Amino acid sequence: MDHELSRPPSPPFHAQLHSPDGNLQITLEQEHNGPLFYTVMNKQFRVLEKSPLGLITDKYKFQQGIIQGVEHNTITEHYELVTGKQKSQSYEASEMVLLTSVENHQVMIRFRAFQDGVAYRYELHGEGDIRIENELSGFHLPEDRMLNVWAQPFMRCYERTFDHAMPEHLRGRHFGFPLLVQSAEEQWLLLTEADVDGGYGASHLAADEQDGRKLRISYAPDQETPIAAQLPLSTPWRVMIIGSLGELVSSSVTTHLCPPSVLQDISWISPGRAAWSWYAEGDSCGDMNIQRQHVDFAAEMGWEYSVVDGGWEGKLDVPQLIAYAKQRGVGIWLWTHYKGLNTKELREEKLRLWASWGAVGIKVDFFDSDNQETLQVYDAIAESTARHRLMVNFHGSTKPSGEHRTWPHVMTREGVYGAEYYRAQSEGPNAVHLCTLPFTRNVIGSMDFTPVTFSRRTTTTQGQQLALAILFESGIQHYADAISVFADHPGKPLLAAVPAAWDEIRLLEGYPGRFVTIARRSGTEWFVASICATGGREVHIPLDFLENNQAYQAVIYQEQAEADEYRYRSILPPIEVHTETCSAKDTIKIRLKVYGGVSIHLTPQAENK
């Protein structure tokens, strides 16, 4: 890290930070010791108007302060992830640190500018206790143009749709992170937060009562007391991912902003696919015969895991099942309610026992809160499971914030309106929602949507459901249907082939709520998925991401049905599988049906000798 310190200019204060490529620009302003504001530009295009900064504590109100200096740094870093959209990560960032004092207390605001986004956080110096009563941080969307917004009404478990709206529709309402904004054809903004833990708690957005373009940070509705912390304190990062849709989809800004892994040995951590009986048969988790069948099917498919969900305790001989599964190369995950792990004594007793049985991970459910106390339970579970070498899936949870870099055994989170709602509702997640998630929730981290449901009555198609295996990323991927359905399905070879961790992602085309085509690479193999909502469409997939001068085998899983004919489907789907030979010079063209989808598996062909 290179840095330099300069004295601030005399009032009024004005400082700027540019991204390494020069496209993004943050301007920090203060008029004659008045409130601090920041603005954000992208290629001379305004992303945010003057937006407020500040904190209110029990010791002082920081909204202006005496500016003592500005420090500039350059950061370059390379690191590896176990899970996520891209395992190998490298970035360069520019940093500006504003040094201030308020009532003899030192406060720093640290800004970072990446090629695909900007972020800031507050750093409070000193020692002793402090209480954070409110955060004045805000995001003021541009006033002079029409904006498209995709916003999820705030819910403690983040299980709602991202609804398309205009800014005036936001007024006076609360929304969960992330929130997506389009201000021009190739000008997109995704608001979220990073490096969130129990030292502070998670936040969401509240829109101004009069102006929906003015959004501010809001604490959890059940955060009944001020945030209690020890100095020195760093708040979570307030994050703005900025650029084209492709840049948003491939961004890893949230993990860049998190601390490096706290684990030295990660050899026991492995992403994978899982058989899962609960979706098809909710009362099956205490039945040894059914659980053995799922283990057998996982082994047949080459899936790494089988998940034993709620209802196993007191009914299932888990050590016997784990021994059975281990002989077949399958690891067992166990479900638990978070309240069963919310004290140190409970955690140590249960995690030690489950680890002694040979379980590989736990699925912890029903947190349903963003408050500081609940976030401290997340932290404690992450620390305890790491000691006991158990991977974790946080279900019924808050959204991710890049923590899988710090705790690489945290494989995924729910925090999404997912496939379990196909069981509980007449419709469940529709094609519009499925076409929005790749641009919102799945951008910021692994997503335990539990995809691929063929046998339920939904307003999607077989082709669309199959494509979700590629489209949605999760460090542990629960496949949500009866194993008898998967066993007879034409998409079975694809479900056996799709990995759970990736080396590269590319958005080929898309627009939230309408259509999306994504390519993912694992080693030398590529997987492509394309889905659409109403209307159907002609998909053009240029293969220029493939290696030049290399022939590939393309296995294409394509729908046969006429539009609407199979809107509500039978168990045996109208999908055909065919194989083509192609190269980087080719373009695959396919007609998608209404609510349709296509999946393609591309494998390099060996040269003929």
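Model, not experiment: these values are computed from the prediction.
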### Task
Return each pair, listed once, that meets side-chain hydrogen bond (donor to acceptor under 3.5 Å, both in side chains) where at least one residue sits in residues 252-262; pairs must be two or more places apart or across chains.
Tyr79-Thr255, Tyr79-His256, Gln89-Ser252
### Message
Checking side-chain polar atoms at under 3.5 Å, does Glu92 have a donor or acceptor matched by the opposite partner on Thr76?
### Response
no
### Task
Measure the CD-SG distance between Glu538 and Cys532 for me, rounded to the nearest 0.5 Å.
11.0 Å
#### Entry: Residue that, paired with Tyr422, satisfies side-chain hydrogen bond (donor to acceptor under 3.5 Å, both in side chains) out of Gln465, Glu427, Arg456
Gln465
### Query
Distance from Lys85 atom NZ to Ile444 atom CD1, nearest 0.5 Å?
9.0 Å
### Task
Please confirm whether Tyr511 and Phe515 have ring centers closer than 6.0 angstrom.
no
### Task
Give a yes-or-no answer on whether the side chains of Glu559 and Thr461 include a donor-acceptor pair shorter than 3.5 Å.
yes
### Query
Quick one: do Lys585 and Asp544 make a salt bridge, cutoff under 4.0 Å?
no
### Query
Aromatic rings His164 and Trp150: how do their planes relate, parallel, tilted or perpendicular, breaks at 30° and 60°?
parallel
### Query
If you measure only the distance, is there a donor-acceptor pair under 3.5 Å linking the side chains of Gln477 and Tyr305?
no
### Summary
Residues Ile518 and Pro438: closest non-hydrogen pair is CD1-CB, 4.0 Å
### Query
Roughly how far, to the nearest 0.5 Å, is CZ of Arg238 from OG1 of Thr192?
9.5 Å
### Shortest non-hydrogen separation from Phe162 to Pro178 and the atoms involved
CE2-O, 3.2 Å
### Query
Are a donor atom and an acceptor atom from the side chains of Gln291 and Ser277 found within less than 3.5 Å of each other?
yes
### Query
Rounded to the nearest 0.5 Å, what separation is found between the CG atom of Leu248 and the OG1 atom of Thr440?
10.5 Å
### Query
Between Tyr552 and Trp526, is the gap from one ring center to the other below 6.0 Å?
no
### Query
Between Asn42 and Asn23, does any side-chain donor sit less than 3.5 Å from a side-chain acceptor?
no
### Task
Look at atom CG of Asn549 and say whether more than 12 heavy atoms of other residues, nucleotides or ligands are closer to it than 6.0 Å.
no
### Task
Measure from the side-chain N and O atoms of Asp265 to the backbone N and O of Trp268, and report whether any donor-acceptor pair falls under 3.5 Å.
no
### Task
Determine, step by step, whether Asp116 and Ser251 satisfy the side chain to side chain donor-acceptor pair (under 3.5 Å) criterion, reporting the C-alpha distance in whole Å, the side-chain angles of both residues, the deciding distance to 0.1 Å, and the verdict.
CA-CA 7 Å; Asp116 53 353; Ser251 177; 3.1 Å; yes
### Task
Could you verify whether a donor N or O on one side chain and an acceptor N or O on the other, from His489 and Gln462, lie under 3.5 Å apart?
yes
### Task
Kindly check if the number of other-residue, nucleotide or ligand heavy atoms within 6.0 Å of CD (Gln115) is above 12?
no
### Task
Start with the C-alpha gap between His18 and Ser94, add the side-chain angles, then the distance that decides, and say whether side chain to side chain donor-acceptor pair (under 3.5 Å) holds.
CA-CA 7 Å; His18 292 86; Ser94 306; over 6 Å; no
### Query
From Phe45 CZ over to Gln25 CD, what is the distance, rounded to the nearest 0.5 angstrom?
14.5 Å
### Cation over ring face, Arg328 and Tyr324, 6.0 Å, 45°
yes
### Query
Between His404 and Ser446, is any side-chain donor less than 3.5 angstrom from a side-chain acceptor?
no
### Query
Are the aromatic ring centres of Trp188 and Phe439 under 6.0 angstrom apart?
no
### Message
Under a 3.5 Å cutoff, is there a donor and acceptor pairing between the side chains of Gln553 and Thr603?
### Response
no
### Task
Could you tell me whether the side chains of Thr161 and His433 share a donor-acceptor contact shorter than 3.5 Å?
no
### Task
Begin with the C-alpha distance, continue with both residues' side-chain angles, and end with the deciding distance and a verdict on side chain to side chain donor-acceptor pair (under 3.5 Å) for Glu159 and Tyr421.
CA-CA 9 Å; Glu159 295 174 13; Tyr421 282 90; 2.5 Å; yes
### Task
Applying side-chain contact (heavy atoms from CB on, under 4.5 Å), run through Glu473 and Trp502 and close with a yes or a no.
CA-CA 9 Å; Glu473 181 272 318; Trp502 301 96; 4.0 Å; yes
### Query
Can the ring centres of Phe486 and Trp276 be said to be less than 6.0 Å apart?
no
### Message
Within this structure, what is the OG-CG distance for the pair Ser397 and Asp448, rounded to the nearest 0.5 Å?
### Response
8.5 Å
### Query
So His78 and Ser90, side chain to side chain donor-acceptor pair (under 3.5 Å) or not? Walk me through it.
CA-CA 4 Å; His78 174 80; Ser90 295; 2.7 Å; yes
### Task
Please say whether more than 12 non-hydrogen atoms of neighbouring residues, nucleotides or ligands are located less than 6.0 Å from CD in Glu186.
yes
### Closest contact, heavy atoms only, Ala519 versus Val528
CB-CG2, 3.9 Å
### Message
If only side-chain N and O atoms count, and only distance matters, is there a donor-acceptor pair under 3.5 Å linking Asp481 with Thr453?
### Response
no
### Tyr91 and Glu77 side chains, donor-acceptor separation under 3.5 Å
yes
#### Entry: Minimum heavy-atom distance Thr517-Ser530, with the two atoms named
OG1-OG, 2.8 Å
